[in-house]
Amino acid sequence: MSSTVFVETQGCQMNVYDADRMADVLVAEAGFRRVDAPEEADVLLLNTCSVREKAQEKVFSHLGRWRRHKERRPGTLIGVGGCVASQEGGGIVRRAPFVDLVFGPQTLHRLPEMVARARGGGGPQIDVSFPEIEKFDRLPEPRAEGFTAFVSIMEGCSKYCSFCVVPYTRGDEISRPFEDVVAEVAALAEQGVREVDLLGQNVNAYRGPMDDGTEADLGLLIHYLAAIDGIDRIRFTTSHPAEFNQGLVDAYREVPELASYLHLPVQSGSDLILRLMKRGYAVAEYEALIAEVRAARPGIALATDLIVGFPGETADEFEETVAMTERVVFDGGAFSFVYSSRPGTPAADLTDDTPPEVKRARLHRLQALLQAQQLEAARRLVGSVQAVLVEGPSRRNPAELTGRTPCNRTVNFPGESWMAGRFADVRVTGARAHSLRGEVVAVERPPRPVAVAD
Ligand code: SAM
Ligand code: F3S
């Protein structure tokens, strides 16, 4: 009987992607089967996040629960991957000696060997090195599981924002070769994928080496991917303002397949704080860039990330963030956080004398404004007709279908299962806090061939 693996993941989209690759590599190379319940698994993998303290704290309590599974099923292996593993390395096994495998975001493809050695009595296996791009050469060909797919095009981050652990846990930026990405997307399209989401911590820092010796940036890659037969919608996550070049602005003007949505973290509306954060741009530059993108693609939805309570942020700097938010209007949503000091980052050494309750109050005020902006934008969509790729049954109510608007809002609507995988014109009939309601006005014809699993 084949062995079984269960993967639990925390954190960002990159981690969700990596978690799937962990299962893929064990399935392809070691004959594993992926299961949905930890109690059925021979190998339990936790893919961790250390971007904020809260996520990191959860790791050891989670492992404590898994220890009990292991006691009930001797021979079970427990593995820890992701950013906490990368930072702590062998420290994980010292604190939790029942852990058998510790691997980083760049070594997850070595899991089959690590599992074999641990099973062979080799003791705890620890490998959190950064062997460049070897990971992608070693991972099995991705298989489509629906009509949308994530495609990782670059790894790591070289921006070293003063508050962030990612450059230390995931290593410096490295881009996958252009031709590899194009081939992967073409293979996914052949399996029925119609929408791809290009992933990277700083995806617009993409500089993919090309066979002719030159480099492709994200704008050029988007042009090529849009030309692939079957690929009708392209998204990317997440971009950095300082890497946003003219080619990417032009892609919004020239490539209709590029979705009308942009997630561009600003972090703060104060130039002083942006400098302390080492973000590499000023507020006015961010706003000018947004104006250019909005001119290139009228109606585009803008999302962002914001940090409040960064060391040195007084009431004045916070008011600048509120004022910037009012001017820019984040109609596509926002992820906002209280600053969390991360050991080993330069910002951890800055004096931070704002009381936690003041920071929390600032966050609440900012979030109320952001939510109002988002709800207002959702209400404006009511009555409009949106091109939605029908992804399948809705999770909440399987009798309904679900998909996303170009501006990345989930819309649920009555429909029939044959519509899955096709674009439908959906009239928005209602706006809720996290999703829209709609009704189908037209469905694309002739039908596209549906992906067949072999
Ligand atoms: N590459 C993206 C960018 O351009 O900023 C961000 C990637 S980061 C992993 C995701 C988000 O987590 C950041 O945008 C930031 O808002 C938040 N974040 C990172 N470090 C943080 C910290 N120490 N405290 C609070 N939030 C943090
Ligand atoms: Fe982190 Fe800044 Fe990179 S937020 S992921 S160091 S762009």
Side-chain angles (χ1 to χ4, degrees), residues 9-18 47-57 82-84 86-87 105 152-175 198-206 218 236-245 248 262-270 273-281 283 285-286 289-290 302-313 321 324-325 330 332-350 352 354 356 359-360 362-363 366-367 370:
T9 196
Q10 309 175 319
C12 64
Q13 218 46 262
M14 271 48 76
N15 260 14
V16 175
Y17 177 90
D18 281 351
N47 192 22
T48 60
C49 170
S50 59
V51 81
R52 281 169 293 276
E53 195 180 355
K54 240 197 198 135
Q56 184 150 4
E57 276 169 2
C83 290
V84 177
S86 178
Q87 251 182 327
S152 177
I153 64 167
M154 55 89 67
E155 291 269 317
C157 182
S158 308
K159 295 290 171 290
Y160 293 89
C161 299
S162 64
F163 53 82
C164 185
V165 291
V166 169
Y168 310 99
T169 59
R170 288 185 166 262
D172 276 336
E173 281 160 11
I174 176 141
S175 297
L198 309 176
L199 293 183
Q201 283 303 334
N202 256 320
V203 75
N204 60 335
Y206 178 75
L218 182 62
F236 59 86
T237 317
T238 305
S239 46
H240 191 288
E243 293 281 0
F244 215 100
N245 63 10
L248 193 50
L262 172 61
H263 181 182
L264 194 63
V266 61
Q267 313 297 3
S268 169
S270 150
I273 299 298
L274 288 177
R275 257 198 317 278
L276 290 173
M277 288 178 163
K278 297 214 167 14
R279 288 290 292 178
Y281 54 86
V283 180
E285 287 170 311
Y286 181 87
L289 176 59
I290 296 306
L302 176 68
T304 202
D305 294 353
L306 288 152
I307 295 177
V308 304
F310 188 80
E313 183 192 85
T321 296
M324 180 275 301
T325 302
F330 296 104
F335 302 88
S336 47
F337 316 95
V338 167
Y339 166 71
S340 171
S341 172
R342 305 286 53 223
T345 60
D349 298 330
L350 299 174
D352 183 6
T354 312
K359 294 187 180 191
R360 272 197 301 274
R362 285 182 193 164
L363 183 69
L366 187 62
Q367 286 184 335
L370 292 163

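Remember, it's 1-based here, ligands and their atoms both numbered in the order they're listed.
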Ligand 1 versus [X], non-hydrogen atoms closer than 4.0 Å: side chain, backbone, both, neither?
X      : value
Val338 : backbone
Val51  : both
Cys157 : neither
Ser340 : both

Hey, what do you get for [atom1] ([X]) to [atom2] ([Y]), rounding to the nearest 0.5 Å?
X      : Y      : atom1 : atom2 : answer
Arg362 : Thr354 : CZ    : OG1   : 5.0 Å
Arg170 : Cys164 : CZ    : SG    : 10.5 Å
Met277 : Gln267 : CE    : CD    : 5.5 Å

Open item on the list: Could you identify the single nearest non-hydrogen protein atom to atom 20 (N) of ligand 1 and state the distance to 0.1 Å?
Closed with: Phe163 CD1, 3.3 Å
Task: Nearest-contact summary for atom 16 (O) of ligand 1 - protein heavy atom, Å - done: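 Protein heavy atom with the smallest distance to atom 16 (O) of ligand 1: Gln267 OE1, 2.8 Å.
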Task: Any Ser239 heavy atom less than 4.0 Å from ligand 1 - done: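 Yes, that is the case, since the closest heavy atom of the residue is under 4.0 Å from the ligand.
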Under the 3.5 angstrom rule, does the side chain of [X] hit a backbone N or O of [Y] as a donor-acceptor pair?
X      : Y      : result
Lys359 : Gly309 : yes
Gln87  : Thr169 : no
Tyr168 : Thr345 : no
Thr48  : Gln10  : no
Ser336 : Gln367 : no
Ser340 : Arg52  : no
Ser268 : Ile273 : no
Ser158 : Glu173 : yes

Task: Closer than 2.8 Å to atom 3 (Fe) of ligand 2 - protein N, O or S atoms, ordered by chain and residue number - done: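 Listed by chain and number, the nearby protein N, O or S atoms are Cys157 SG.
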List ligand 1 atoms under 4.0 Å from [X], heavy atoms only on the residue side.
X      : answer
Arg342 : 23 (N)
Val166 : 9 (C)
Arg52  : 12 (O), 17 (C), 18 (N), 24 (N), 25 (C), 26 (N), 27 (C)
Arg279 : 3 (C), 4 (O), 5 (O)

Task: side-chain contact (heavy atoms from CB on, under 4.5 Å), paired with Met154, selected from Asn202, Leu199, Asn204 - done: Asn202
Task: Under 3.5 Å side-chain donor-acceptor pair for Tyr17 and Asn47 - done: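 No - no donor-acceptor pair under 3.5 Å links their side chains.
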Task: Closest candidate by heavy atom, reference atom 1 (N) of ligand 1, pool Arg170, Gln201, Gln13 - done: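 The residue whose heavy atom sits nearest atom 1 (N) of ligand 1 is Gln201.
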Task: N or O contact, Asp305 vs ligand 1, cut-off under 3.5 Å - done: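 Asp305 vs ligand 1: N/O contact under 3.5 Å present.
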Open item on the list: Does ligand 1 come near enough to Phe337 that some N or O of the ligand is less than 3.5 Å from an N or O of the residue?
Closed with: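 No, Phe337 has no N/O under 3.5 Å of an N/O on ligand 1.
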- [ ] Could you list the atoms of ligand 2 found under 4.0 angstrom from a heavy atom of Arg279?
- [x]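 Listed by number with element: 2 (Fe), 4 (S), 7 (S).
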Open item on the list: I'd like to check which ligand 2 atoms, numbered from 1 as shown, lie under 4.0 Å from a non-hydrogen atom of Phe163.
Closed with: 4 (S)
Open item on the list: Using every non-hydrogen atom in the two residues, find where Gly11 and Cys49 come nearest and quote the distance to one decimal.
Closed with: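 Residues Gly11 and Cys49, closest heavy atoms: CA-CB, 3.8 Å.
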